[in-house]
Amino acid sequence: MTHVTKDILYIGVNDHDLDLFEGQYIVPLGMAYNSYVILDEKIAVMDSVDRHFGSQWLANLEEALAGRTPDYLVVQHMEPDHSANISLFMQKYPSAVVVASSKAFTMMKNFYGDEFADRRIVAAEGTELSLGAHCLKFIGAPMVHWPEVLMTYDSTDKVLFSADAFGKFGALDTEDPEGWACEARRYYFGIVGKYGAQAQAVLKKAATLDIRVICPLHGPVLNENLSYYLGLYNTWTTYGVETEGVAVFYTSVYGNTEKAVHLLEEKLKEKGCPKVAVSDLARDDMAECVEDAFRYGKVILATTTYNADIFPFMRTFLTTLAEHGWRGRKVGLIENGSWAPTAAKVMKGMLENCKDTSFAETQVKILSALTEENLAQIDALAAEMLR
Ligand code: FEO
């Protein structure tokens, strides 16, 4: 249990047993479910934690309370990694009241069979809740990344409780060797990425507040150099280019497409490309690949024709990008096909609704193995991508 400010204490938990977060994301560094308590004349608890950690969370809370009783449980987000212990809390503290949005109460009934009709405060954008010295003001954050989400601003300590925004993968008792951005980016684009416009709208509201500390529901409390985190979120939520260079994504069955990719990588580097990030979609973490597709402004896609379509891992990748609102990138295509190559056409078709996407004129068309003509195409594609 640590202090965030004099009156705000961290009471969250770390999870090292989880195989897949939200049923799909690997979390090699574990996961943190954050919860906070604000101690004032009235006491507010900010969200609960995953269902496997109810007792540990309540024990953390009890220690923080030092004999006192909480008045409010603020539920900012109803996804069960944060809402699973609402009933447990309400049973333990029968005088407490739940504070949440109207949509959150509907979800509470749907998930847990109770919407606490006579023990609740329905909050919305602009609702204020005074705890004594601290005043909490609620900020609507619909679709960041569920519709019921509220963020909360404590104007006394100048703390923004940001729900899932500014969260990252990784437990808080485990050092992340790559720093904050890598796992925060993978988290953002995987989980929130589709809702850039909504996240941008919340950032604009946040820009009107004096924020000294950001308390997200996952990942560390952010209390210094906030312009760095806000700057990255501004880039991510506007689908901006974060890193100059080219990201290359491929699948390869017998190594010929892979060979073309490595030749292209060499050519790009020779021609001065500041960074070339190559990923094998069959072997690398898909969420890491998705984050890289958003990180770079230029992308090469290389795959084989398969069942008159494209190789399954590339299909999954492009479907995910399209679903997540991927846009504004320049794309180069490499296709391989032994008798009826169609991969380039299929890939282009899958991205046709991605806004502001442009395609390089040069395409590399391999008919099984690389030819001299392919080498010239690879050289031309590298030059065109860097133009
Ligand atoms: Fe961390 Fe959207 O739940």
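Counting starts at 1 for both ligands and their atoms, in listed order.
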Atom of D81 closest to atom 1 (Fe) of ligand 1, considering N, O or S atoms: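 Per the distance ranking, D81 contributes OD2 as its closest N/O/S atom to atom 1 (Fe) of ligand 1.
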N, O or S atom within H82 nearest to atom 1 (Fe) of ligand 1, by name: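 This residue's closest N, O or S atom turns out to be NE2.
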Once you measure the plane-to-plane angle for Y239 and F294, does it fall in the parallel (<30°), tilted (30-60°) or perpendicular (>60°) bin?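 Y239 and F294: tilted rings.
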Look at the rings of Y228 and W180 and say which category their plane angle falls in: under 30° parallel, 30 to 60° tilted, over 60° perpendicular.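 Aromatic pair Y228/W180 classed perpendicular.
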May I ask you to check if any N/O/S atom from H77 comes under 2.8 Å of atom 2 (Fe) of ligand 1?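 It does: H77 brings an N, O or S atom closer than 2.8 Å to atom 2 (Fe) of ligand 1.
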Looking at atom 2 (Fe) of ligand 1, is there an N, O or S atom belonging to E79 that lies under 2.8 Å away from it?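 It does; at least one qualifying atom falls short of 2.8 Å.
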Please check if F111 and V74 belong to a single hydrophobic cluster, counting links between Ile, Leu, Val, Met, Phe, Trp and Tyr side chain heavy atoms closer than 4.5 Å.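 No, F111 and V74 fall in different hydrophobic clusters.
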Under 2.8 Å from atom 1 (Fe) of ligand 1, is there any N, O or S atom belonging to D164?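 So D164 does bind atom 1 (Fe) of ligand 1 by this criterion.
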Please round to the nearest 0.5 Å and tell me the distance separating atom CG of L136 and atom CG of L150.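 Here the interatomic distance stands at 11.5 Å.
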Would H77 and D47 count as having a side-chain donor-acceptor pair, cut-off 3.5 Å?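 D47 and H77 do not have a side-chain donor-acceptor pair below 3.5 Å.
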